[in-house]
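Presented below is the structure to which this report refers.
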Amino acid sequence: MTQVIGRLLLVDDEPQIIRALTPALSAAGFEVEPADSGESAIQRMAAEPCDVVILDLGLPDIDGKDVIARIREWSEAPIIVLSARDAEDEKIEALDLGADDFVNKPVGVGELLARVRASLRGRERRFASQAVFRSGDLRIDFATRSVRIEDQEIHLTPREYDLVRTLARHAGRVVTHRQIINAVWGAGAQVDAQFVRVLTGQVRQKLEADPSKPRLLLTEAGVGYRLRADDPR
Amino acid sequence: MRNLGRYSAALGWVALSTLIAEALFRLTGNTRLSMVFLAAVLLSAFFQGSGPAYVAALAAFFVYNFYLVEPRFSLSIDAEDMLNLVVFLAVAMLTGSLTGRVRDQAARAEARARTTDALYRATRELSALSDESTIRQKLAEHLALAARGEAFVRDGLRTISAREVALDPALLRELASLEREPFAAVKSSPCGAWTLRPLRAAGASLGVAAWRRGGDAARQEDGERLLEILADAGAATLARARLAAAKAEAEARARTEDLRNALLASISHDLRTPLAAIMASASSLQEFGETFDPVTRRDLALTIQEETERLDTAVANLLSMSRLEAGAISIEWSGFNVPEVVERAVERRSGWMGRTAQVSLQSNLPEALGDAVLFEQALGNVLENAFRHTPAASPVEVAAFSERGEVVVDVRDAGAGLPPHELERVFEKFFRGRRALQTTGTGLGLSITRGLMQAMGGSVTARNNSKPAIGLTVQLRLRAAAT
């Protein structure tokens, strides 16, 4: 058998979803803890902390967003939200409350596992405060603030650099417009998502081989942006 | 005419007092009887008012002087006679004006009471109405009544009146100009014999009221006030009716919107949940197929199968619902074997949420009359509901038997049951019991069951199991096919 990577709390009130996801998550090395309500999820988490949480937002007892807020009071474990494709506002709220990422239902286990791994690595990366970030041809040296593509130095304005750094810190995971605004313009800045779109457009011109078909800086429609991370699976 | 009567009456008093004076003179021989004539003046002033009283005073003076004062039957006016005349006139004036004032006040009070009464009746009648055109009609009628003439209410290009009125060009011009100034102050404006008053309340311009007063009503100032107040009350009623209509419309829209959102949310949930399970199972098999043991592989395949069934059920429910809503459900009438349908319904839903049901069937059950496919769907929704809302380990029983020419299917669970007031409401669309808030679900299943059963001439009811047993029994009844 595969070695155990960690404990995974799977929160969904539909038993067939838990039944369908558990084998693959186990095969990928997670010890799966199922929970069918928000309260039981919080209790499980408090009793024996899990390393990662997969959370359906539509729970029968309490709002999934409240579960995120409650868990975030004392746990930094990555939370991945399972959500309907058309519930953008809900996703943004969940991410702003501290969820690490979201996946749209229905989701294949391959993508779900990739997101789980990315969120676990993202945690390591942020807490390990590595000095250098790499993804494909992109290399960022945080100490010298230098950004290179294929060893070619790219000149970025301070705001462009702040954007790239923020996305790289959360590489592989979605960062909401609000989170980008807070990181680049400062918390509470009166700036709307349009400014973020313009800024990412400029960065794509400099980083992407074909800015109209971005491969590094990806758009999550209506929610925010994601910097592709290498998946060394 | 009336005035002539009043003056004649005054002279009558004088004539009467002459007769009395004559009688007293004959009896006593006394000629100092000016008091008797004074009484005539007093009575005239009291009953007929000031004008007749002056006439009576003059008449009384001359009669008295001519008839009683020496030398009798001649007019000889000296100082004392002048004093008499002055006293007569003074009494006439004082008494006349006093009683006149009293009488005027009484008349005015009476008119005011009439006005108040008319207003009261008009506003009460108006406020009971909610339809704008009826309010305009009634307002025109009341205005015409209060004006004792003609009245109409103009709304845009429509003229609403009790009787046909002819509008001359000047009047039409004035009406148009009033309607063009929706923010000017509300005041009456004359136009020929007509008085026009814009109907405006709560910032809304609601047309123009017009009246033409007939007969002696034209003299009363009070009448004009009454008409204005009436028109303004009509405007207020119109504004209220319009607001109430707008509010009702907004509420209806909001309700429709809520219902549509709830419907979309529940459809999305019903379709997405099985899809998500199918996607997860299929992609798991694809990615990890070789590493899974056979039991896991079979379990995932079974999940795909069950969830596909569920998806199919959800789609069938959706179609039935839209057909029930449109009244376009088509029923394949036939006698069908109920045990067969019951077994199939239970089998298709066994395993959902790890649940199954115990089936007990009466032997020699007659066939039921209806549509086997729709009945299975109706029963399936009840079963799914029972599985969904009762504890995982609790039993669910399905019993089929015949009773009074009907085939009955009971679905009996051992859950918490329902509060009595929810037993009927569970069949409403989107209704979810207070206790059911603990679980997800759409609130559509049982309403579709009821729609289907009613379309087949059958029924579905819910009752709590009698103690000591707990739980809910949902009963479906269909007519037995004639054998």
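Treat the numbers as computed from the prediction; the structure is a model and nothing was measured. Letters A, B, ... are given to chains in the order of the sequence lines, protein chains preceding strands, and every chain is numbered from 1.
- Contacts between L113(A) and chain B at a heavy-atom distance below 4.5 Å involve the side chain alone, from C-beta outward.
- Using a 4.0 Å cut-off between charged nitrogen and carboxylate oxygen, R425(B) and E428(B) count as a salt-bridge pair.
- For N381(B) and N317(B), the side-chain atoms include at least one donor-acceptor pair closer than 3.5 Å.
- Geometrically, R450(B) engages F427(B) in a cation-pi contact, judged by NZ or CZ lying under 6.0 Å from the ring centre and within 45° of the ring axis.
- Contacts of T296(B) with chain A are made by side-chain atoms alone, with heavy-atom separations under 4.5 Å and no backbone atom involved.
- Side chains of T390(B) and R355(B): a donor-acceptor N/O pair is present below 3.5 angstrom, by distance only.
- Neither the backbone nor the side chain of L271(B) comes within contact range of chain A, judged by heavy atoms closer than 4.5 Å.
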